[in-house]
Amino acid sequence: MVENLFEQNVLWAVLTAVLWGFAAHGARRLALRPAARLPRRVGMGLVLLGVALVALLLRVASALALALAAGWPAAVDYVLFGAVPLVPTGAAVLVVAVPAYRRTGRAARRSRAAGEGGTDPGAAAALRGSAADPRLVVPVWACALAAATGALLTLRPPAPPHTGPFLLHSAFLLVGTVCLYLWQVRRREAQAHPGWRPRALSVRLSRLAAGVAVLVLVPVGVLSFAAENSRLPARAGHHGHVHDTGGGPGPGGAPHRDVSRLTGPRTATPDRTITLTAAEETLRLASGETVAALAFNGRLPGPELRVQRGELVEVVLVNKNVRGGVTLHWHGVDVPNAEDGVAGVTQDAVPPGGRHVYRFRPDRAGTFWYHSHQQPAVSVARGLFGALIVEEPEPEPEPEPAPPGLDLAVVAHAWSVGEGEGPAGPPRGGALSGNNGLGGELRTAFGDSTRERWREVPAGTPVRLRLVNADNCPRTFSLTGTGFEVAAIDGNEVPGATELRDTLLRVAGGGRYDLTFRQPDSPVRLAVVGDANVRGREGCGEDGAYGADAVEPAALLLGPEDVEAPDPLTEGPVFDPLVYGSPGEPPFGPDPSFDRRFHQVFGNSLGFHDGEFMVLWTVNNRVHPDIPSLLVREGDLVHVTFVNRSLDDHPMHLHGHRMLVLSRDGRRATGGPWWTDTLNVAPGERYEVAFRADNPGLWMDHCHNLDHARDGMVMHLVYDGVHSPYETGRDTGNLPE
């Protein structure tokens, strides 16, 4: 519903501007019509005004409905710039212009009945004066001006705070209306003179040509300047960025620290050494399809890495032949900043033939994943990712060990099979470009199979399924044949988890759920019953559908193969982490005092990014690199509000930290502490989250719909005093998004 209201606001903004543009043109030209045709023209004008007024009411109603449904932060500029100016101007049309139209119509009918309009110059001049009455023309033009600027500011919203732009917009409309009035008074004086004659045809044609030239050349010039001004620099560092302080102290109070020195242990002997070799090659899935892949160690997905909490892990990244370069980002693991693997932010991308060594000690057990953060919209889609499982250290052996369980990572991804795009990757497409654009056919897979897989599991076996969504959009899972618990979210154990049945699980793009149960005597089926990554064509949400009503062929079946497996659940309640589990003690205390508060509104805007015109994904109506960095100091307790007033979902991913969800749409979290590193914010949703700034560095904070990030939905969390020596841009070879 909320997404539909956003669409309705855009639709009625444009339609209202068009209708009032026609109405204003008709009002201005009314005095130029022959007296015999004037009654008919007045009638047509009144009909057009009626239609335009209905559109105006719908425009205002849609803005107010959005404010009621999604809250004031989601609708503030739609109301201030779209609805508020239309109310007084529309009322003026209804109270002043419509009666003036009616008076002119009556006068024209009387004149035609008396036969005066075509013979008496004085009567004709009086008719023209009535049709050129400022009370008839100016309110309509003022309403058209309000509708046009309102539509422009809906398609290209101003950045918050909105007080200044609203006052400026109001002043512009007031001055514009006064100028229109003075101009119309002069026109009426001229046209009401008995000797007035229309300008010669040649003059009118010349004026028309000049007007058309201005209307064409000025927008072309403005658009050309905007396109050129939007081009990303060939080289850009991280110095001199504008900061959002969140109400806290500004920069300069902390000592200088270099990102490259914020490393993991560099000299100690590693407990585990892993080598990952990235290569471009054509690979065949286990289910038989061919993928034009980028892969680690020749596997799709890359090798599953299992390490233990607290041990020193060394990963050697080798780039065999990936021409665009490659890095390794440890999604959800709070590594030291220099180990985060973001090209141009924490390191340089590893070129073909190069290598890079990462060292870190994971401090929390859980389900994570790794992927390249060099052109990830391409590299992740084509296969440069894999599961990373951090386990608790092995306990001392017990006299009577428990029976072995099944601990299985299930990595879900939409593979582009058949004729792929090749090394250049997906074209830039803007906000509503649909799927990842790799070509071929997108098919949902569990790991490297797009079909059903059976696994024999004895009854009574404890099972842990670690679901990883390695795509942009939310993916809806169904687990049938058993009750289950959601034991962990994004690598964070859920205290007090209780059994669920007949419940769907919607996992954010980049998110993870751990499901636990004990294998029953009969089979269990894990299936995908809604996958916007393969079914969506204009974004992920599609007003809440998420690719529903389509059960994907990929499935995991556990248990005996000689028994029919249960059907997947296609309808039912969706698991809600906000109310699941036991709350316990609040992690930040019952009444935390926040050092900084940030407010982020996600939206859409028409504009240019890197020279291309598209529907933009914006944060506070800006795109990278114009989004201010979030400034913090070590130890700060930070509060962030997310408001999504765009037409798609945004899985917001903060590197190096985990966020605690405090509320959604004003409803406080009442379940177990909901810790997450990738929070899906659907259209119309409003979240409050908090985190402790306890990992110094310069961190990416971006939408993990990687197409959105590529098109500018990227910002940074910057600790005061921390600087990066690395640069991004085409000439550097570092393209982190």
Side-chain angles (χ1 to χ4, degrees), residues 230-241 257-263 276-280 294 296 315-331 335-358 370-382 384-385 423-428 609-612 623-627 629 653-656 697-704 706-719 722-737:
S230 75
R231 294 192 181 278
L232 299 177
R235 305 186 73 93
H238 300 278
H239 302 281
H241 281 189
R257 285 177 287 184
D258 192 304
V259 162
S260 63
R261 297 182 180 275
L262 299 174
T263 67
L276 292 175
T277 301
E280 181 177 350
L294 301 174
F296 289 118
V315 181
V316 181
L317 171 63
V318 178
N319 183 358
K320 181 179 178 182
N321 62 355
V322 178
R323 284 172 280 177
V326 66
T327 68
L328 281 173
H329 167 60
W330 315 101
H331 188 116
V335 298
N337 194 214
E339 314 297 343
D340 197 42
V342 180
V345 179
T346 65
Q347 69 172 91
D348 288 322
V350 181
R355 67 197 298 272
H356 188 89
V357 178
Y358 301 87
Y370 63 91
H371 61 81
S372 177
H373 226 300
Q374 165 74 353
Q375 294 185 289
V378 178
S379 59
V380 174
R382 294 183 65 191
L384 286 180
F385 65 89
R428 295 171 62 83
H609 182 64
D610 202 16
E612 296 188 29
V623 296
H624 179 75
D626 297 326
I627 304 173
S629 297
H653 176 48
L654 173 60
H655 289 212
L698 196 160
W699 299 98
M700 293 288 285
D701 185 8
H702 64 108
C703 178
H704 216 272
L706 298 171
D707 289 347
H708 296 177
R710 175 202 59 205
D711 291 340
M713 200 170 184
V714 174
M715 53 196 148
H716 295 91
L717 176 72
V718 180
Y719 280 68
V722 175
H723 301 279
S724 173
Y726 304 105
E727 295 180 309
T728 61
R730 286 180 291 271
D731 289 355
T732 68
N734 291 324
L735 301 171
E737 300 296 349

Shortest non-hydrogen separation from [X] to [Y] and the atoms involved:
X: Gln347; Y: Tyr358; answer: OE1-OH, 2.6 Å
X: Val714; Y: Ile627; answer: O-CD1, 3.3 Å
X: Leu232; Y: Pro625; answer: CD2-CD, 3.6 Å
X: Gly324; Y: Gln375; answer: CA-OE1, 4.0 Å
X: His708; Y: Cys703; answer: ND1-SG, 3.5 Å
X: Ser724; Y: Leu698; answer: CB-CD1, 4.1 Å

Are any side-chain N or O atoms of Asp340 and backbone N or O atoms of Val342, one a donor and one an acceptor, separated by less than 3.5 Å? no
So, the side chain of Asn734 versus the backbone of Ala343: is there a donor-acceptor pair under 3.5 Å, distance only? no
With rounding to the nearest 0.5 Å, note down the distance linking NE2 in His331 to NE2 in His653. 4.0 Å
Mind checking the CG-NE2 spacing from Asp258 to His723? Nearest 0.5 Å is all I need. 9.0 Å
Member of His329, His373, His716 meeting the ring pair (Phe, Tyr, Trp, His ring centres under 6.0 Å) criterion with His702: His373
Is any side-chain heavy atom of Val326 closer than 4.5 Å to one of Leu317? yes
Aromatic rings Phe296 and Tyr370: how do their planes relate, parallel, tilted or perpendicular, breaks at 30° and 60°? tilted
Could you tell me whether the side chains of His609 and His624 share a donor-acceptor contact shorter than 3.5 Å? no
